[in-house]
**Student:** 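Encoded as structure tokens, here's the structure I'll be asking about.
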Amino acid sequence: MSAGSATLRAHLTSIRKRLAAAGAVNAVQEARWLLCDGLRLTSAELLAHLEREVVLPEALEAGVRRREAGEPLQYVLGTADFWGRDFRVGPGVLVPRRDTEVLVRAALTSSRRTRPSRSWTGARAAPASPRRSSWSAPLARGILAERSPDALRWAAENLARWNLSSRARLLPTDAPEDIAVRGECDLLISNPPYIPRGAIPRLMREVRDHEPHLALDGGVDGMDCYRALLASAPAWLKPGAFVILETGESDQARAIRDAVERSPDRAFSFLQRIADDSAILRCVVLKYRG
């Protein structure tokens, strides 16, 4: 990209070619997003003035270089769309994905059954998402537990952004058994690390090289966090509480069902497995017997 003046069309073409050469699958759209973000233009304004000559700011050039190096586009832009909202994201936090919207839908359905006063969920980047639902629960409160200080920081920023700080307690923790919550929760939601450790080197470079492995590595079989959660959850839950867990592309949903059904104490009943739009089993719903 030239540092001098050129038309928006020329800049758009240059950025697109650079991103495509770097391996970006959606180089055309990404080039538009980066150019619009860097110049504070809407997409309509960009397309309506393609022949306007401009000098690109150095911050935009730096953003293009970051994307060429494989950094997630959401990190470069500083936001990620999730459940119809823009959430602040950046290095150190897992980028929220549409996969997890299946988890949110299941949580909202379960919430209507329980009218919860409290729920517990992994913080990550999108703790405020359920607010978009038409269901209203002004007494609902969330306890958001997370190991990563970076994820907690981003969660706090997003809670403040959506005016939900008073309805959530951020809880730093190293392991589920450290969470000092006793019989308070109607709903447990978690999208834990579930990638088998040996599969991480085969992930897309945006994920493998830039997103936190703490949010990806689920142990040798990807099941470590599920086992820890199910062992500790009875201490947190009210009888009849729902447990909703995001699962990966392997047969983890079936493995969780088998673990629940074979458990000597039968603390949970298995209700359902839910697939995403690609027919991948993306989450499981359990109920605590109490």
Side-chain angles (χ1 to χ4, degrees), residues 1-82 85-101 124-126 148 150-151 153-154 157 191 193-217 248-249 276-278 280:
M1 183 189 306
S2 171
S5 178
T7 65
L8 287 172
R9 186 188 301 278
H11 286 308
L12 187 63
T13 299
S14 175
I15 295 172
R16 174 184 58 78
K17 290 180 177 179
R18 290 173 62 182
L19 296 181
V25 175
N26 193 17
V28 173
Q29 188 61 62
E30 288 191 15
R32 289 183 182 179
W33 285 330
L34 285 166
L35 200 54
C36 287
D37 180 74
L39 296 175
R40 301 296 185 265
L41 298 174
T42 67
S43 181
E45 288 171 336
L46 172 65
L47 296 177
H49 300 285
L50 286 174
E51 304 311 318
R52 177 192 299 171
E53 290 208 0
V54 298
V55 177
L56 299 188
E58 178 55 34
L60 174 54
E61 167 63 15
V64 175
R65 288 197 299 266
R66 289 170 63 190
R67 186 65 187 115
E68 284 181 296
E71 194 168 344
L73 178 69
Q74 294 88 346
Y75 284 5
V76 177
L77 298 178
T79 63
D81 177 75
F82 181 82
R85 301 283 190 184
D86 283 333
F87 289 91
R88 302 292 187 191
V89 296
V93 68
L94 189 73
V95 175
R97 293 167 169 81
R98 289 197 63 187
D99 300 343
T100 304
E101 294 188 358
R124 298 295 170 86
S148 166
D150 288 329
R153 177 172 59 83
W154 287 108
E157 182 174 337
N191 56 335
Y194 53 68
I195 305 296
R197 188 167 298 149
I200 290 177
R202 299 191 296 273
L203 297 175
M204 295 186 302
R205 70 167 180 162
E206 287 91 339
V207 180
R208 179 192 66 228
D209 297 340
H210 295 276
E211 296 195 53
H213 284 207
L214 185 65
L216 302 171
D217 189 345
E249 293 188 18
D276 62 15
D277 294 340
S278 301
I280 296 170

**Student:** Using only atom types and a distance under 3.5 Å, with no angle test, would you say the side chain of S14 pairs donor to acceptor with the backbone of A10?
**Tutor:** no

**Student:** Run L56 and E61 through side-chain contact (heavy atoms from CB on, under 4.5 Å) and show every step you take.
**Tutor:** CA-CA 7 Å; L56 299 188; E61 167 63 15; over 6 Å; no

**Student:** Has the side chain of H11 got a donor or acceptor atom that lies under 3.5 Å from a matching backbone atom of V54?
**Tutor:** yes

**Student:** Heavy atoms, side chains only, cut-off 4.5 Å: are R67 and E206 in contact?
**Tutor:** yes

**Student:** Counting C-beta onward and ignoring hydrogens, is there a side-chain heavy-atom pair between R208 and L216 closer than 4.5 Å?
**Tutor:** no

**Student:** Indicate whether any N or O donor in one side chain lies under 3.5 Å from an N or O acceptor in the other, for T7 and E53.
**Tutor:** no

**Student:** Determine yes or no for a side-chain-to-main-chain donor-acceptor pair under 3.5 angstrom, with Y75 supplying the side chain and V93 the backbone.
**Tutor:** yes

**Student:** Which distance, rounded to the nearest 0.5 Å, do you find between the CZ of R97 and the CG of N191?
**Tutor:** 10.5 Å

**Student:** Can you give each donor-acceptor pair under 3.5 Å made by side-chain atoms of residues 41-50, sequence neighbours left out, with the distance rounded to 0.1 Å?
**Tutor:**
residue: T42; atom: OG1; partner: E45; partner atom: N; Å: 3.0
residue: T42; atom: OG1; partner: E45; partner atom: OE1; Å: 3.4
residue: E45; atom: OE1; partner: T42; partner atom: N; Å: 2.9

**Student:** Using the side chain to side chain contact (heavy atoms under 4.5 Å, CB included) criterion, which residues pair with A22? Sequence neighbours excluded.
**Tutor:** E68, R205

**Student:** Applying salt bridge (charged side-chain N to carboxylate O under 4.0 Å, His left out) to D277 and R98, what does each step give before you reach the verdict?
**Tutor:** CA-CA 9 Å; D277 294 340; R98 289 197 63 187; 3.3 Å; yes

**Student:** Is the backbone of E30 close enough, under 3.5 Å, to the side chain of N26 for a donor and an acceptor to pair up by distance?
**Tutor:** no

**Student:** Closer than 3.5 angstrom, by distance alone: can the side chain of E71 be matched with the main-chain N or O of H210 as a donor-acceptor pair?
**Tutor:** no

**Student:** Can you check side-chain contact (heavy atoms from CB on, under 4.5 Å) on R9 and R52, steps first, answer last?
**Tutor:** CA-CA 8 Å; R9 186 188 301 278; R52 177 192 299 171; over 6 Å; no

**Student:** Which donor-acceptor pairs under 3.5 Å do the side chains of residues 32-39 make with protein atoms, sequence neighbours left out?
**Tutor:**
none

**Student:** What distance separates L8 CG from E51 CD, expressed to the nearest 0.5 Å?
**Tutor:** 8.5 Å

**Student:** Is the backbone N or O of I280 less than 3.5 Å from a side-chain atom of S278, with the two atoms forming a donor-acceptor pair by type?
**Tutor:** no

